[in-house]
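What follows is a single structure, written as structure tokens, with notes after it.
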Number of protein chains: 2
Amino acid sequence: MIMKTSARTFKALSDETRLRILGLLLDGELCVCDIMAVLQLPQSTVSRHLAYLKNAGWVDDRRCGVWMYYSIIENGSTLQRCLLKVLRENLPQSAVVVADRERLQGFSTDNSCA
Amino acid sequence: MIMKTSARTFKALSDETRLRILGLLLDGELCVCDIMAVLQLPQSTVSRHLAYLKNAGWVDDRRCGVWMYYSIIENGSTLQRCLLKVLRENLPQSAVVVADRERLQGFSTDNSCA
DNA sequence: TGAATATAACCGCATGAGCGGATATGGTAT
DNA sequence: ATACCATATCCGCTCATGCGGTTATATTCA
């Protein structure tokens with residue numbers, strides 16, 4: 001466990017928007033446009049946070065045509081695996097994440113995006 | 001689980017100095033002067049970080065004469081209890097914390113402080 | 001009361017980080 | 001090649017946070 005990396009790992013979680021994003025991604029891969037729609041945030045804001053999460057090693061991305069899909073990295077560092085477990089147990093308890101997830105269900109979640 | 005509070009809980013952990021402090025406190029209550037000596041940091045720096053940890057609900061303090069002792073709060077929020085478990089499992093793996101703890105053993109750790 | 005000790009809080013400074021609009025970049029269709 | 005769509009990145013701005021020296025506060029002792 002490297003301290004600077006650990007601090008950075010925690011720092012990635014110390015923002016509400018990013019926690020909300022992770023709350024959505026816990027159920028599986030999502031496209032930027034879906035995250036934007038659910039969180040009702042401008043594209044640049046979402047994109048910036050996703051970049052932060054990716055740089056911190058929390059998420060991975062893949063491009064499919066013009067769409068970018070993001071997913072949580074399941075086999076990160078030991079610390080991250082521990083924390084991921086904590087997130088899975090605690091994030092769904094949050095009213096904000098509950099509302100976000102319900103809004104996500106309201107969208108047509110097929111794989112070709114909007 | 002309240003999002004703003006959670007982000008703040010994580011934020012308290014997103015600094016190397018504060019992780020080091022918690023690494024020391026995992027073994028039990030310590031006085032500010034001990035933490036200062038071990039981390040070899042100025043008093044104002046240590047005091048500031050301890051205040052941050054206290055405000056974030058991670059540590060508690062008690063005064064004993066001119067000395068202030070800090071300890072980790074064991075029965076905090078659900079999230080904090082989960083994270084505390086993660087810290088106990090992961091912090092001692094850090095070389096920095098190992099060195100800090102060894103330096104701490106090198107001091108006379110009676111209860112009347114230096 | 002004054003002096004000494006421990007430590008909290010203030011202060012100025014530098015850096016980091018969040019925001020959203022604007023612009024750049026990548027992919028696709030015509 | 002051009003146009004369109006999705007999204008990454010830049011930009012200016014504001015706020016947060018880290019640093020350590022300095023000052024304020026709390027405690028103890030003579």
Side-chain angles (χ1 to χ4, degrees), chain A residues 3-22 24-25 29-56 58-71 107 110-114, chain B residues 3-22 24-25 29-56 58-71 107 110-114:
Chain A
M3 290 297 267
K4 282 190 165 56
T5 308
S6 304
R8 185 170 178 79
T9 298
F10 283 116
K11 185 158 286 189
L13 303 180
S14 60
D15 175 76
E16 184 179 343
T17 303
R18 290 201 286 278
L19 286 175
R20 291 176 71 187
I21 289 173
L22 289 171
L24 291 178
L25 293 178
E29 186 182 64
L30 278 178
C31 172
V32 178
C33 59
D34 284 327
I35 300 173
M36 283 164 54
V38 171
L39 301 188
Q40 292 176 326
L41 289 172
Q43 178 268 322
S44 67
T45 300
V46 173
S47 208
R48 217 175 12 80
H49 283 298
L50 286 169
Y52 197 109
L53 286 170
K54 185 184 174 188
N55 287 338
W58 276 104
V59 300
D60 219 345
D61 62 0
R62 70 175 178 95
R63 182 177 280 278
C64 183
V66 296
W67 294 286
M68 292 292 286
Y69 288 87
Y70 283 81
S71 56
F107 296 127
D110 57 19
N111 276 349
S112 8
C113 270
Chain B
M3 290 299 268
K4 281 189 166 58
T5 309
S6 304
R8 185 171 179 77
T9 297
F10 283 116
K11 186 158 286 188
L13 303 179
S14 59
D15 176 75
E16 184 178 344
T17 303
R18 290 200 287 276
L19 286 176
R20 290 176 73 185
I21 290 172
L22 289 171
L24 292 176
L25 293 178
E29 186 183 63
L30 279 178
C31 171
V32 178
C33 61
D34 284 328
I35 300 173
M36 285 165 55
V38 171
L39 300 189
Q40 291 174 328
L41 289 172
Q43 181 267 322
S44 65
T45 301
V46 173
S47 203
R48 220 175 11 81
H49 282 299
L50 286 168
Y52 197 109
L53 286 169
K54 186 185 173 188
N55 287 336
W58 276 103
V59 299
D60 219 343
D61 62 1
R62 69 176 179 94
R63 182 177 278 279
C64 184
V66 296
W67 293 286
M68 291 293 288
Y69 289 88
Y70 283 81
S71 56
F107 296 129
D110 57 17
N111 275 349
S112 9
C113 268

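Note on Tyr70(B): a side-chain N or O is less than 4.0 Å away from OP1 or OP2 of dA8(C). Neither OP1 nor OP2 of dG21(C) sits under 4.0 Å from any side-chain N or O of Ser44(A). OP1 and OP2 of dT7(C) both lie 4.0 Å or more from every side-chain N or O belonging to Ser47(B). For the OP1/OP2 pair of dC19(C) and a distance below 4.0 Å, the side-chain nitrogens and oxygens of His49(A) include at least one atom meeting the criterion. Contact check, Thr17(A) against dC19(C): a side-chain N or O comes under 4.0 Å of OP1 or OP2.
For dA8(C), its base sits under 3.5 Å from the side chain of Gln43(B) at one donor and acceptor pair at least.
Here the C1' atom of nucleotide dA16(D) and the CD atom of Glu16(A) are 16 Å apart, to the nearest Å. Atom CH2 in Trp67(A) sits roughly 12 Å away from atom C1' in dA29(C) (whole-Å rounding). For the pair Leu53(A) CG and dA8(D) P, the interatomic distance rounds to 12 Å; values are reported in whole Å. For Met68(A) and dT9(D), the CE to C1' distance is 13 Å, given to the nearest whole Å. Lys54(B) places its NZ atom 10 Å from the C1' atom of dA8(C), with the value rounded to the nearest Å. For the pair Tyr52(B) OH and dT7(C) C1', the computed distance is 21 Å after rounding to whole Å. Remark: C1' of dA26(D) and CG of Asp61(B) are 13 Å apart, rounded to the nearest angstrom. Residue Leu41(A) contributes atom CG, which lies 16 Å from atom C1' of dA8(D) at whole-angstrom precision.
Across dG27(C), dT7(C), dG21(D), the shortest atom-to-atom separation from the side chain of Cys33(B) is found for dT7(C). Counting only heavy atoms from C-beta on, Arg18(B) has its side chain closest to dG18(D) among dC5(D), dG20(C), dG18(D).
Heavy atoms of Arg48(A) sit under 4.0 angstrom from at least one base atom. No contact: Arg8(B) has no heavy atom under 4.0 Å from any strand.
No donor-acceptor pair under 3.5 Å is formed between the side chain of Arg20(A) and the backbone N or O of Ile35(A). Judged by distance alone, the side chain of Ser14(A) and the main-chain N or O of Lys11(A) form a donor-acceptor pair under 3.5 Å.
For the atom pair OH (Tyr69(A)) and CG (Asp34(A)), the distance works out to 7.5 Å, reported to the nearest 0.5 Å.
Closest non-hydrogen pair, Thr9(A) versus Trp58(A), comes out as O-NE1, 3.2 Å. Considering all non-hydrogen atoms of both residues, Arg63(B) and Met68(B) come closest at CB-SD, 3.5 Å.
Remark on DNA chain D: of its neighbouring residues Lys11(A) and Val32(A), the 5'-side contact belongs to Val32(A), judged by nearest-heavy-atom nucleotide.
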